[in-house]
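See structure below.
In this text the structure is predicted, and so the values were computed from the model without any measurement. Just so we're on the same page: letters track the sequence lines, and every chain starts at 1.
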Protein chains: 4
Amino acid sequence: MTQNQILSSVKNAELVEIRRNQMIKGAITLFKEKGFHRTTTREIAKESGFSIGTLYEYIRTKEDVLFLVCDAIYEQVHERLEAAIDLENPSVTNLEKVIESYFYLMDEMQEEVVIMYQEVKSLKKDTKEYVLQKERDMVGMLEKVIVTCLPHEISKQDAELMANNIFIQGHMWGFRRWVLQKQFTLKEYIDRQIHYLMESLAIDRTIAKDKEA
Amino acid sequence: MTQNQILSSVKNAELVEIRRNQMIKGAITLFKEKGFHRTTTREIAKESGFSIGTLYEYIRTKEDVLFLVCDAIYEQVHERLEAAIDLENPSVTNLEKVIESYFYLMDEMQEEVVIMYQEVKSLKKDTKEYVLQKERDMVGMLEKVIVTCLPHEISKQDAELMANNIFIQGHMWGFRRWVLQKQFTLKEYIDRQIHYLMESLAIDRTIAKDKEA
Amino acid sequence: MTQNQILSSVKNAELVEIRRNQMIKGAITLFKEKGFHRTTTREIAKESGFSIGTLYEYIRTKEDVLFLVCDAIYEQVHERLEAAIDLENPSVTNLEKVIESYFYLMDEMQEEVVIMYQEVKSLKKDTKEYVLQKERDMVGMLEKVIVTCLPHEISKQDAELMANNIFIQGHMWGFRRWVLQKQFTLKEYIDRQIHYLMESLAIDRTIAKDKEA
Amino acid sequence: MTQNQILSSVKNAELVEIRRNQMIKGAITLFKEKGFHRTTTREIAKESGFSIGTLYEYIRTKEDVLFLVCDAIYEQVHERLEAAIDLENPSVTNLEKVIESYFYLMDEMQEEVVIMYQEVKSLKKDTKEYVLQKERDMVGMLEKVIVTCLPHEISKQDAELMANNIFIQGHMWGFRRWVLQKQFTLKEYIDRQIHYLMESLAIDRTIAKDKEA
DNA sequence: AATGAATGAGACTTCATTCAT
DNA sequence: GATGAATGAAGTCTCATTCAT
């Protein structure tokens, strides 16, 4: 579905998926280590377990690999996030759980997140748009959870701001790890961040409670 | 002072500073556009207004330019931040003012910030350490303001967390501009972020007020 | 066998040998003309009949070419010298024949010898050691012939000295050609050098004859 | 006198000589270490104790430095050799003394000799001719000593051959030092070489003695 | 489909030489 | 006479991409 933006000379769709997944896995390993620009296509091919010739049977340019990687990363975040969200029973507790899940996920995907921060800009306009849209979707999911789970009204704008804040606080755990992970365990980090997020909604909650009353 | 880590064949220190500033200016322009890796040393020389030979009279390698750029950016942030901080008269209002100043600064330096996010990783161990230390210093300044201006006690850990949050919320305005700057004016963004930051300290403030009483 | 010290990205060993031989041939042509330092890698590639990219598929650095050339030259000398030596029937005549063959060989390889004299010093420690060892081997072969073919005893030291003298008298024909080849035909040169070499062993020979008697 | 082939913008002849001697000294130091091609003009200037600009006041091109160096080396050999030769009282002992002196000189000037072997070829036609002529002169001096000191007649050709042999046996001590200087002390080397040289003239000497009788 | 040898544009960097001060 | 900053041609090497097998 999503990978179809990238042309391949190989017709067998199943094979294309297999090879591209090998490629994504190999590329992420390398990008984590040395970044996109310092990684060569030969290295990607080798790490993926096939030859440079074969690599180019499945992509057209090196940038295609970057796109596949970015796409795969967001795809993974999307899946996991979706699985964590349950809008059937909205509640503040529920909101907290989603945020907690998201933070745990970001801990797992620290290095992938760093790749995104560093390399997305290297994508060409079109593919960049596409990847950024996926990112927006993800923030949108958080935003929806906020709006749905809060007991009181919150402006669209404020909801978006909170969603963005949560979003990057998740990333921050990864890309500022050399500072944060010295001072906090993951659990502490999550607890304090959620604590402050909830605090920042306090007054409104009071008002909301008044409304309820 | 800070540039002295990079060797130059030119002896005249004053001239070195002039040329390096030209170089930093030119490089930032180009890095904003196409990033460090896609910018060639020839382009940097040309944009700086001198020949490739002259460029290499003032640096040893291309990476030196990146270091100079990163160093200059943090230097600028440091100066401006320092100027904005007044610890003589600590008060919550004062804290708000510092945060506001910082956000305005981050608006001005959006693209520089993006460069840092994308390219710092390309620095070699030593220079990276140096640059990251400067970053830590900056967060440290925010942390100190928080501790000093809050009317109540706050744990070292929490102060650090808040400082980090503020720090990256400033960056976020720049590197997520395609989202945020569609929904917020700068003033709105600053207002809402400060609003929520203050809220998140609410309970404590109440306690503090109780103490005062 | 000997070329294996130099890494190649190309796996096919047979092809590596073919290309390297092209390269050695091309490089020797150019080194004769302008020396190692004044010859560019592009020129070597062109003279060898392939592109600069291909050149670097078979070597890592320009110095590798020099090593390959030095190695090939000594390899050739070695083979030819070995073929000329017959230790089954040691005799003074036999010794004279070996020396003669060696001088003829040095005549053929004049320019290669000049290359060695001028450029070996440019090799890095390791490869230089390797090449010099090969040279020692060659002198060792001459030394062995001397010891074996002389009818009388000769000290190890003297044998080594004679071998070294013969060795460089062979070279001298090439690197002092602008003097010697004006005054001597090759045959004359060989005759007179052998004459004097034999004379210098005269007394000993007499002693030897006495012994025999 | 000899340096006058090289143009200088500086008029003061005395100064020119001073500066050029500094230059030659500095350059030899560097050429010993890394050869002509790997030494930069900047390094030569620095080692000589003045600036690159000044260097170019006294020469026109880098090759001029090489010429000055080669010229100076032969000049020195020439002077020393001349001092050692005394044709007033020709005798075999006298010949031996000259050869001995020459070998001692070559021991002192080992590295300079290596420079000559490696770099003369880099000189342009004209200057090369000039330097080679000086070399021929030196061999000529040896030749003359041989002819004069030998008690018997020797053909012009043979005298030249012997002179050339002696000439390069002197060099050999330096450029094959890693072999010879392990096996011989300087004294041993000289003794054995002279021994064999004298032996090679043995028969003739006998004849000569007959004549005398 | 898979391979890997071949290609060459283009990157970084050096360094001999000049010339204004 | 001395200086050293400026220049840019030219060198080495890399690597994305192609294509014959």
* To do: Decide yes or no on salt bridge (Lys or Arg N to Asp or Glu O under 4.0 Å) for Glu33(B) and Arg38(B), but give the supporting numbers first.
  => CA-CA 9 Å; Glu33(B) 235 177 83; Arg38(B) 294 205 201 282; over 6 Å; no
What side-chain donor-acceptor pairs closer than 3.5 Å can you find for residues 41-50 of chain D, not counting sequence neighbours?
residue, atom, partner, partner atom, Å
Arg42(D), NH2, Glu57(B), OE2, 3.2
Glu43(D), OE1, Lys34(D), NZ, 3.1
Glu43(D), OE1, Thr40(D), N, 2.8
Glu43(D), OE1, Thr40(D), OG1, 3.4
Glu43(D), OE2, Lys34(D), NZ, 2.6
Ser48(D), OG, Ile44(D), O, 2.5

Rounded interatomic separation in angstrom, taking [atom1] from [X] and [atom2] from [N]:
X        : N       : atom1 : atom2 : result
Gln22(D) : dG1(F)  : CD    : P     : 15 Å
Glu14(C) : dG4(E)  : CD    : C1'   : 16 Å
Leu55(D) : dA5(F)  : CG    : P     : 16 Å
Lys46(C) : dA6(E)  : NZ    : C1'   : 18 Å
Leu7(C)  : dC13(F) : CG    : P     : 14 Å
Asn12(D) : dA2(F)  : CG    : C1'   : 14 Å
Phe50(A) : dG4(E)  : CZ    : P     : 13 Å
Asp64(B) : dC12(E) : CG    : P     : 13 Å

* Is the Lys NZ or Arg CZ of Lys124(A) less than 6.0 Å from the centre of Phe67(A)'s six-membered ring, within 45° of the axis? -> no
* Cationic tip of Lys62(A) above Tyr56(A) ring, under 6.0 Å, 45° of axis -> no
* Letter per nucleotide, 5' to 3', of nucleotides 13-21 of chain E [B base touched, S only sugar-phosphate touched, - untouched; heavy atoms, 4.0 Å] -> BBSBBB---
* Asked: For DNA chain E, what string of dots and brackets results from 5' to 3' when Watson-Crick and G-U pairs need both distances under 3.5 Å, crossing pairs get [ ], and pairs with another strand get |?
  -> .||||||||||||||||||||
* To do: Report which part of the nucleic acid Lys11(A) touches: base, sugar-phosphate, or nothing (heavy-atom distance under 4.0 Å, all strands).
  => sugar-phosphate
* Out of dT3(E), dA5(E), dG8(F), whichever nucleotide has its closest atom nearest the side chain of Ser51(B) -> dG8(F)
* To do: Show the numbers, then the answer: is there a side-chain hydrogen bond (donor to acceptor under 3.5 Å, both in side chains) between Tyr74(D) and Glu135(D)?
  => CA-CA 7 Å; Tyr74(D) 272 131; Glu135(D) 208 207 60; 2.9 Å; yes
* Asked: Would a distance-only check, ignoring hydrogens and angles, find a side-chain to backbone donor-acceptor pair under 3.5 Å from Gln118(B) to Gln118(A)?
  -> no
* Asked: For Ile18(C), does its backbone N or O pair with a side-chain atom of Asn21(C) as donor and acceptor, under 3.5 Å?
  -> no
* Asked: Would you say Lys25(B) has more than 12 foreign heavy atoms packed within less than 6.0 Å of its NZ?
  -> no
* **Atom of Leu68(B), atom of Ile24(B) and distance for their closest heavy-atom approach** => O-CD1, 3.8 Å
